[in-house]
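Note on naming: letters A, B, ... go to the chains in the order of the sequence lines (proteins, then strands), and numbering restarts at 1 for each one.
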Number of protein chains: 2
Amino acid sequence: MSIIRKTKPVQLILKQFNNKGDAISAIELIEKFKKNMDKTTVYRILDRLEDAEIIHSFIDQDGLKRYAKDNKKIHSNNDLKHHPHFLCEDCGISSCLPVTISIPSIPDYTIKRAEHLFTGICKDCV
Amino acid sequence: MSIIRKTKPVQLILKQFNNKGDAISAIELIEKFKKNMDKTTVYRILDRLEDAEIIHSFIDQDGLKRYAKDNKKIHSNNDLKHHPHFLCEDCGISSCLPVTISIPSIPDYTIKRAEHLFTGICKDCV
DNA sequence: TAAGTAATGCAACCAAATTGCAATAATTTT
DNA sequence: AAAATTATTGCAATTTGGTTGCATTACTTA
């Protein structure tokens, strides 16, 4: 699985993630590329890119799936794996924050995955 | 707003939250009470209970809205406001963990809300 | 117990996401 | 470089979680 061919739609979406490091929702991408490709294609490309660990996804407070480019600094070692995602209430721009959240150890619980979502006002909207 | 009458549907749902402290998804409740009430009613009761701060909600990793009873110990003071939610991969049971996550302060960012989602294996599924 | 109004059920609707399938376009093989 | 292979796409239809409008029902209170 997850062999990715360099089709035009794939290149368009990849370029999008390379240009800006923001976390983009699937619907934003569908809207942006509606003349270039079908929404099904957008969803499937995102799935494949996630499989290939080129991007990662999370669900935001509104239940929308968002995707962001995988960042080596953030994802390479275990320490930095648990980084928070931030969503600005004002401009709606979402981003990965380059800080580590320490996971508390809870007796008898095995934590495999953690997702931290912050909502507030970003530096450009003060 | 948010005056809550003790109708039969409301009592059923309240009993559900009083019995078990788990975080229940709206669809679980709809399924469970499908012979007792309409799904619209479930959604509207949940909204009202949340308004009245009897329960609180969050979106889980699958994008499902989940609700749990508000816990005074967890919600009374600001320190304990940011408690994580845990979802067991195995049994699917979700719960509020009574621990505090410290929010890192990020320069130029104002964090208003935080949501922490852990996925893993719970104590009953080891 | 009658009036006022909150709450419910039903049907229709909506948006995000998924699926099946035939057509198309990257690759790979020759 | 053409043919064969198979990943990828577009389109239409479907699914799912959730919402809305409205007439009817049932709490509450006076």
Please assess A:Leu97 against B:Tyr109 for the test side-chain contact (heavy atoms from CB on, under 4.5 Å), listing each intermediate value before the final yes or no. CA-CA 10 Å; A:Leu97 298 178; B:Tyr109 282 79; 4.1 Å; yes
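Per the geometry, CD1 belonging to A:Ile13 stands 13 Å off P belonging to D:dT8, to the nearest Å. Regarding B:Asp62, its CG atom lies at a distance of 15 Å from the C1' atom of C:dT18, rounded to whole Å. Between the CG atom of B:Leu29 and the P atom of D:dG18 there is a distance of 11 Å, given to the nearest Å. Regarding A:Gln11, its CD atom lies at a distance of 15 Å from the C1' atom of D:dT9, rounded to whole Å. Counting to the nearest Å, the C1' atom of C:dT18 and the CD1 atom of A:Ile45 are 16 Å from each other. Going from atom CD of A:Glu28 over to atom C1' of C:dA16 covers 14 Å, rounded to whole Å. Atom P of nucleotide C:dA25 and atom CE of A:Met37 are separated by 15 Å, given to the nearest angstrom. Atom pair A:Asn36:CG and D:dT8:C1' shows a separation of 16 Å (rounding to whole Å applied).
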Can you give one letter per nucleotide of nucleotides 24-30 of chain D, 5' to 3': B if a protein heavy atom sits under 4.0 Å from the base, S if only from the sugar-phosphate, - if neither? --BBS--
In B/S/- notation, 5' to 3', how is nucleotides 10-15 of chain C contacted by protein heavy atoms closer than 4.0 Å? BB----
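Across all strands shown, B:Ile30 has no heavy atoms under 4.0 Å from either base or sugar-phosphate atoms. Contacts of B:Leu64 with the nucleic acid, taken as non-hydrogen atoms under 4.0 Å apart, involve only primed sugar atoms and P, OP1 or OP2.
Nearest to the side chain of B:Thr41, among C:dA17, C:dT8, D:dG18, sits C:dT8.
Taking the screw axis at each terminus of the helix from C:dT1-D:dA30 to C:dT30-D:dA1 from five consecutive base pairs, the angle between the two is 40° to within rounding of 10 degrees.
Using modelled atom types, no side-chain atom of A:Asp62 and backbone atom of A:Leu64 make a donor-acceptor pair closer than 3.5 Å. In this structure a side-chain-to-backbone donor-acceptor pair under 3.5 Å is missing from A:Glu50 to A:Asp47.
No salt bridge links B:Arg113 with A:Glu89; every basic N to acidic carboxylate O contact stays at or beyond 4.0 Å.
With sequence neighbours excluded, no residue forms a side-chain hydrogen bond (donor to acceptor under 3.5 Å, both in side chains) with A:Thr110. In this structure B:Asn36 satisfies the side-chain contact (heavy atoms from CB on, under 4.5 Å) test together with B:Leu12, B:Phe33, sequence neighbours excluded.
Taking only side-chain nitrogens and oxygens, A:Tyr43 never comes nearer than 4.0 Å to OP1 or OP2 of C:dT18.
Between the CZ atom of B:Phe17 and the CD1 atom of B:Ile54 there is a distance of 10.5 Å, given to the nearest 0.5 Å.
Apart from A:Leu117 itself, the hydrophobic cluster it occupies contains A:Phe58, where clustering links Ile, Leu, Val, Met, Phe, Trp and Tyr at side-chain heavy-atom distances under 4.5 Å.
Remark: of the listed residues B:His116, B:Gln61, B:Glu115, B:Glu115 is the sole one forming a side chain to side chain donor-acceptor pair (under 3.5 Å) with B:His85.
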